[in-house]
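What follows is a short report on a single structure.
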Amino acid sequence: MRMRKKKHADERIQVCVDSGYMRWHVLFEQGKPVFLEIGCGKGDFICGTALKFPDINFIAVEKNSDVIMFAMEKAKSLNLHNVKFIITDAKELENHFEPETISRIYLNFSDPWHKRYQHNNRLTSPVFLDSYKKFLKPNAEIILKTDNKDLFDFSLKTLTSNGFEITNKTYDLYSSEFFDFNGNIQTEYEKKFVEQNIPICYLSAVLL
Ligand code: SAH
């Protein structure tokens, strides 16, 4: 379902843009690692993570301006200087970044694209993985959380057959031996699934 265009969305986004929240090029000049979240939604995860790790620079990408608007406003209200935003489809990302600039990608509750003919749209499809490699640093990581087992199994396969090694995985993050309650930062979707006792699948992978 398409969301109704939020009232005054353009003005609200412009306020954040004027405060520098899309001037992400400055992040690269500081020489700190840059972590990317693709499909950041309303920004709970990226803002929580940026707050916790001030020495990392974060870029949050989202194609839907009506939801990224909330993420930008959240970052602004927290006065975060280490997070910037790009409103774009992930397909375009390779045109935004120089080679070897990104150290980690977070994919949180990405759209599952259930039908087989839609699988190329999955953010872990080989097409996307190849495009990420154009800007990932050597040994960069991909960290994925999802409630969707089919997307999870698909991602395990595509990552392993496209130059990544799985370094950790579980079909039930919250009952896994490595789950760190205080370290885990929940996304909006994650909160809802956890409330409904739906298990969260988690993996980390490293670029070989
Ligand atoms: N990460 C958030 C939102 C998950 S919903 C959370 O966990 O709560 C998936 C989000 O990814 C949506 O906001 C959707 O607009 C965005 N998205 C899906 N495909 C995308 C793409 N190709 N490029 C950029 N954003 C995308």
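Remember, it's 1-based here, ligands and their atoms both numbered in the order they're listed. Basis for what follows: all heavy atoms, side chains included, without hydrogens, waters or symmetry-related copies.
In this structure, the protein non-hydrogen atom closest to atom 21 (C) of ligand 1 is Ala90 N, 3.7 Å. Of all protein heavy atoms, the one closest to atom 22 (N) of ligand 1 is Asp89 OD1, 3.1 Å. Protein heavy atom in closest approach to atom 3 (C) of ligand 1: Gly39 O, 3.7 Å. Nearest protein neighbour of atom 14 (C) of ligand 1, counting heavy atoms only, is Glu62 OE2, 3.4 Å. Here the protein heavy atom with the shortest distance to atom 25 (N) of ligand 1 is Lys63 N, 3.3 Å. Looking only at heavy atoms of the protein, atom 8 (O) of ligand 1 is closest to Tyr189 N, 2.9 Å. Distance from atom 18 (C) of ligand 1 to its nearest protein heavy atom, with residue and atom name: Asp111 OD2, 3.3 Å.
In this structure, the ring of Phe178 has its center less than 6.0 angstrom from the ring center of Tyr202.
For Lys134, the salt bridge (Lys or Arg N to Asp or Glu O under 4.0 Å) criterion is met by Glu94, not counting sequence neighbours.
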Could you please spell out the steps behind the side chain to side chain donor-acceptor pair (under 3.5 Å) verdict for Asp153 and Tyr171?
CA-CA 10 Å; Asp153 286 334; Tyr171 287 91; 2.4 Å; yes
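Checked by distance only, ligand 1 and Val61 stay at 3.5 Å or farther apart across all their nitrogen or oxygen atoms. For ligand 1, the polar-atom distance check against Thr187 finds a nitrogen or oxygen pair separated by under 3.5 Å. Considering both main-chain and side-chain atoms, Asn64 never comes within under 3.5 Å of ligand 1 through any nitrogen or oxygen pair. Ligand 1 has no nitrogen or oxygen under 3.5 angstrom from a nitrogen or oxygen of Lys91. Between Phe109 and ligand 1, not a single N/O pair is under 3.5 Å apart. In terms of N/O distances under 3.5 Å, ligand 1 is not approached by Ser110.
Of the charged side-chain nitrogens involved, at least one lies within less than 4.0 Å of a carboxylate oxygen, so that Arg122 and Asp150 count as a salt-bridged pair.
Taking both residues in full, the closest heavy atoms of Ala9 and Met69 are given as CA-SD, 3.6 Å, listed atom of the first, atom of the second, then distance.
Glu37 counts as a contact of ligand 1, since one of its heavy atoms falls under 4.0 Å from the ligand.
Atoms CG and CZ, on Leu136 and Phe97 in that order, are 10.0 Å from each other to the nearest 0.5 Å.
Here is the list of ligand 1 atoms found below 4.0 Å of a heavy atom in Asn108: 1 (N), 2 (C), 4 (C), 7 (O). Residue Thr88 has at least one heavy-atom neighbour below 4.0 Å for each of these atoms of ligand 1: 23 (N), 24 (C).
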For residues 137-144, dump all side-chain donor-acceptor pairs below 3.5 Å to protein atoms at least two apart in sequence or in another chain.
unit_1: Glu141; atom_1: OE1; unit_2: Arg104; atom_2: NE; d: 3.1
unit_1: Glu141; atom_1: OE1; unit_2: Arg104; atom_2: NH2; d: 2.8

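By the criterion of side-chain heavy atoms lying less than 4.5 angstrom apart, applied directly or through intervening Ile, Leu, Val, Met, Phe, Trp or Tyr residues, Ile38 is grouped together with Phe128 in one hydrophobic cluster.
Remark: side-chain polar atoms of Thr167 are paired, donor with acceptor, to backbone N or O of Ser204 under 3.5 angstrom.
Between Tyr189 and Phe109, the ring-plane angle classifies as tilted under the 30° and 60° cut-offs.
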